[in-house]
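Reading through the structure tokens given below for one structure.
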Amino acid sequence: MSILHTVNKSTYERDTLEACVRLAAKGGSVLLIEDGVYSAMSGGNKSSVIENAKDLSFYVLGPDIKARGLGEDRLIDGIKVVDYKGFVELTVSNDSVTAWL
Amino acid sequence: MSDAKKFMYINRKAPYGTIYAWESLEVVLIGAAFDQEVSLAFVDDGVYQLMKGQDTTEVGIKNFSPTYAALGDYDVNKIYIEKESLEARGLTLDDLQHLVWEDEDEDWAEKDSIRVVTSAELAEIFEQQDITLSF
Amino acid sequence: MAAIEVDGKSFEVDEEGYLEDLTTWVPEIAGVMAKLDDAELTDAHWEVINFLREYYEEYQIAPAVRVLTKAIGKKLGKDKGNSKYLYELFPYGPGKQACKYAGLPKPTGCV
């Protein structure tokens with residue numbers, strides 16, 4: 001069983017990503033979309049939320065980081081950038097999707 | 001019903017401040033009326049939904065906390081509370097409503113619906129669901 | 001806004017005939033609503049109507065038919081807690097019709 005988690009809010013505004021990371025089982029995937037992509041930037045005082053979650057794979061939606069002026073070079077190490085096609089592929093390759101609010 | 005799916009509703013928001021808590025409860029009741037296997041999880045501020053002694057008369061909003069006690073009638077008897085969320089807020093199980101269900105097969109014996117679980121246990125429970133909805 | 005007349009007083013109802021303000025309910029409303037459906041209320045009907053009002057008072061919702069049936073069975077006995085009995089009393093559906101007479105909203109999940 002594998003779950004794809006999506007988070008669409010910045011960790012600087014809400015605790016959604018923290019809840020997701022705390023309650024996602026080992027080996028799960030987390031895709032950051034919309035304002036969720038701000039949480040993927042390195043050097044912030046909340047970057048550790050992702051840096052400490054070694055058991056999970058993190059992805060960001062490319063069009064959303066581009067729209068917000070975030071360069072790929074600013075992302076926390078290990079985060080993969082996917083396009084809309086990659087989003088669909090992640091959805092298909094996991095057993096279910098949990099969209100965190 | 002063999003084609004019943006396992007539904008998990010994750011509740012993360014306090015009641016009244018936003019509509020999420022009530023919306024979730026309505027969806028749960030509708031889903032349960034269609035004979036699905038329904039579980040609820042209360043995490044983060046969602047644990048405030050089950051506080052005892054809610055009285056909304058002076059704020060002019062419907063107090064829907066009594067409705068949680070009807071969940072047992074709807075065969076919703078797997079209600080998980082995240083231990084870490086309770087403790088972070090200085091709460092214990094005694095601060096929350098005591099939810100029960102009646103087992104028709106055992107002469108309506110009352111059984112507890114609420115289980116306090118750790119984050120890690122909850123993560124495992126989420127893995128067993130067909131559909132998870134977050135509110 | 002539609003309304004029904006009961007003993008010279010007017011009560012607002014929605015387009016499906018449900019009472020707009022459940023706090024204004026009086027037993028006579030049920031009788032008038034039944035007459036509009038060509039039905040006559042017996043003690044058996046009142047047992048269900050009163051049960052629904054008590055259920056709403058306690059839980060703040062009108063129960064789904066399945067829940068109502070089970071709860072009636074527990075309170076009034078198996079011979080009454082079955083859909084045949086309840087549909088004979090309320091042919092338009094025990095949830096919809098009995099809730100309407102009881103002044104409650106349509107049951108959650110009822111379409």
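Other residues, nucleotides and ligands contribute over 12 non-hydrogen atoms within 6.0 Å of the CG atom of A:Asn52. Within 6.0 Å of OH in B:Tyr20 there are 12 or fewer heavy atoms belonging to other residues, nucleotides or ligands. Around NZ of A:Lys66, the count of heavy atoms belonging to other residues, nucleotides or ligands within 6.0 Å does not exceed 12. Few gaps surround CZ on B:Arg115; more than 12 heavy atoms of other groups in view lie less than 6.0 Å from it.
Remark: B:Gln128 CD to A:Ser96 OG distance equals 11.5 Å, nearest 0.5 Å. A distance of 7.0 Å separates CE in A:Met1 from CG in B:Asp130, rounded to the nearest 0.5 Å.
Only the side chain of B:Ile10 comes within contact range of chain A, with at least one heavy atom under 4.5 Å from a heavy atom of that chain. Of the two parts of A:Ala19, the backbone and the side chain both hold a non-hydrogen atom closer than 4.5 Å to a non-hydrogen atom of chain B. Contact annotation for A:Asp95: neither backbone nor side-chain heavy atoms come within less than 4.5 Å of a heavy atom of chain B.
Considering only residues two or more places apart in sequence or on other chains, B:Asp103 meets the salt bridge (Lys or Arg N to Asp or Glu O under 4.0 Å) condition with B:Lys111. Contacts of B:Glu124 classified as salt bridge (Lys or Arg N to Asp or Glu O under 4.0 Å), with partners at least two apart in sequence or in another chain: none.
In this structure a side-chain-to-backbone donor-acceptor pair under 3.5 Å is present from B:Arg12 to A:Leu101.
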Take A:Leu23 and B:Phe126 through the side-chain contact (heavy atoms from CB on, under 4.5 Å) test and state the conclusion after the steps.
-> CA-CA 8 Å; A:Leu23 294 166; B:Phe126 289 163; 3.9 Å; yes
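Counting only residues at least two apart or in different chains, salt bridge (Lys or Arg N to Asp or Glu O under 4.0 Å) contacts with residues 50-68 of chain B are absent.
In this structure, the side chains of B:Asp44 and A:Glu18 stay at 4.5 Å or more apart for every pair of heavy atoms.
Against chain A, the residues from residues 74-86 of chain B that qualify, each with a non-hydrogen atom under 4.5 angstrom away, are B:Glu82, B:Ser85 in number order.
In plain terms, the two heavy atoms of B:Ser134 and A:Ala99 that are nearest each other are CB-O, 3.2 Å.
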